[in-house]
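Data first, discussion second: the structure below is written as structure tokens.
Residue numbers run from 1 in the order of the sequence given.
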Amino acid sequence: MREILGRRRRLRFRRKARTARQDAAVTFAVEWDWPVLPGVGLEEPARAGSRMRQGAGRTERTGSGGATRWFGGGAGRPAGDDRPVRGDRGGRFGAEWFGGDRSGGATRTGEGQVCACPDPGCVVPGAHPFDPGLLAATTDERMVRWWWTRRPDAPIVLATGGRAPCAVSLPAVPGARALRALDAMGVRLGPVVATPTRWAILVAPYDLERLGELLYATDGVPSSLRFHGEGGYLLLPPSTTGTGQVGWARAPLAGSARPWLPDVEAVVDALVEASRTAPGGGSRLAY
């Protein structure tokens, strides 16, 4: 009897999570005018192994030079080793920060799963577009609802740049340090996206020329910093990747028509400094 009740609770929780994901995608696309699309997602290793065995002995032709790529073998997944720091609850999206314990330990819900894309060595499992591709990102409500009706477990991918937000991301430990420094400086921040290994501060749209001038004036930029601008993408809560759940370190204000975003100039110096002083120089790149 307990086993049956437990199974029912898990099914109810899964249905609730799927509904929350579609509702969040519609909010991003329709209310906030942020172009989104479903990410590739994760799958069980047994299913991935079956898919690889079915493709064993075949090659995929790539490029005009006739180069080929062999699909086979196991699927690797990087293990992030940055300590997460608990943040705010996700408010209207129901995306509580990881569900970790009081010590800051994260619940890595993606453990034991692999990327659903064909690449057995995918370095960002579940955390990228595949089919459809990034150019398919849209703000059309009917398309968004159709995508997440067909694939309710798909992560939510934001196509950054243009009219949409851009972002600067860095490993979780220096990310938490940077937020404390920005708060102490009185810098107003918008939403901050967090995974167990990386934090991303959403900023107002910028172009490559503006970013290049800003970085040229900066005395050294750590390799762990990533800039998600035109042609880039970022996962939004509530999603799940190979390293765990995507949540809010700073949630959008409840009821906001569209979140306010700081300029990239207001935050980049603090992010660079926090990355420089991180253990190992903040060079960890795993999502």
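Residue C115 holds its SG atom at 8.0 Å from CD of E43, rounded to the nearest 0.5 Å. The CD atom of E230 sits 9.0 Å away from the CG atom of D207 when rounded to the nearest 0.5 Å. Put simply, CZ on R177 and CH2 on W199 are 11.5 Å apart, with the number rounded to the nearest 0.5 Å. Rounding to the nearest 0.5 Å gives a distance of 10.0 Å between OG1 of T240 and CD1 of I156. In this structure, H128 NE2 and C122 SG are separated by 3.5 Å, a value rounded to the nearest 0.5 Å.
Scanning all heavy atoms of the two residues, the minimum distance from A127 to V40 falls at N-CG1, 4.5 Å. Nearest heavy-atom pair, Q113 versus L42, reported as atom, atom and distance to 0.1 Å: OE1-CD1, 3.6 Å. Shown here for F130 and P118, the closest heavy-atom pair between the two residues is CZ-CD, 3.2 Å. Counting all heavy atoms, side chain and backbone alike, A167 lies closest to A200 at CB-CB, 4.5 Å. The two residues L215 and F227 make their nearest non-hydrogen contact at CD2-CZ, 3.7 Å. Across all their heavy atoms, W148 and A154 have their closest contact at NE1-O, 2.9 Å.
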Could you go step by step and tell me if R258 and W34 meet the side-chain contact (heavy atoms from CB on, under 4.5 Å) rule? CA-CA 9 Å; R258 194 181 189 190; W34 291 3; 3.5 Å; yes
R145 vs V26, test: side-chain contact (heavy atoms from CB on, under 4.5 Å). Steps then yes/no. CA-CA 7 Å; R145 288 191 182 280; V26 170; 3.8 Å; yes
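The side-chain heavy atoms of P191 and L236, taken from C-beta on, include no pair separated by under 4.5 Å. Contact check for S275 versus L170: side-chain heavy atoms found under the 4.5 Å cut-off. Here the side chains of L134 and L37 are in contact, with some heavy-atom distance below 4.5 Å. No side-chain heavy atom of V193 sits under 4.5 Å from any side-chain heavy atom of L235.
Distance alone, capped at 3.5 Å, places no donor-acceptor pair between the H228 side chain and the L234 backbone. The main-chain N or O of G126 is never found under 3.5 Å from a side-chain atom of T241 such that the two would form a donor-acceptor pair. Judged by distance alone, the side chain of R21 and the main-chain N or O of P152 form a donor-acceptor pair under 3.5 Å. A donor-acceptor contact shorter than 3.5 Å is absent between the side chain of S239 and the backbone of V246.
One finds a salt bridge joining E265 and R210 here, because a Lys/Arg side-chain nitrogen approaches an Asp/Glu carboxylate oxygen to under 4.0 Å. Taking the charged nitrogens against the carboxylate oxygens, D183 and R250 do have a contact shorter than 4.0 Å, which makes a salt bridge.
No cation-pi contact links R150 to W147, judged by a cut-off of 6.0 Å to the six-membered ring centre and 45° from its axis. W260 carries R188 over the face of its six-membered ring, with the cationic atom under 6.0 Å from the centre and within 45° of the normal.
Linking ILVMFWY side-chain heavy atoms closer than 4.5 Å, directly or via other members, places V157 and L135 in two distinct hydrophobic clusters.
Of the candidates T139, T138, T149, V144 forms a side chain to side chain contact (heavy atoms under 4.5 Å, CB included) with just one, namely T138. Tested against C166, the residues L202, V203, L158 include a single side chain to side chain contact (heavy atoms under 4.5 Å, CB included) partner, V203.
Residues passing the side chain to side chain contact (heavy atoms under 4.5 Å, CB included) test with L208: none are found, sequence neighbours excluded.
Ring-plane geometry between F28 and W248 is classed as perpendicular, the angle between the planes exceeding 60 degrees on a 0 to 90 degree scale with a lower cut at 30.
A donor-acceptor pair shorter than 3.5 Å cannot be found between the side chains of S169 and R226.
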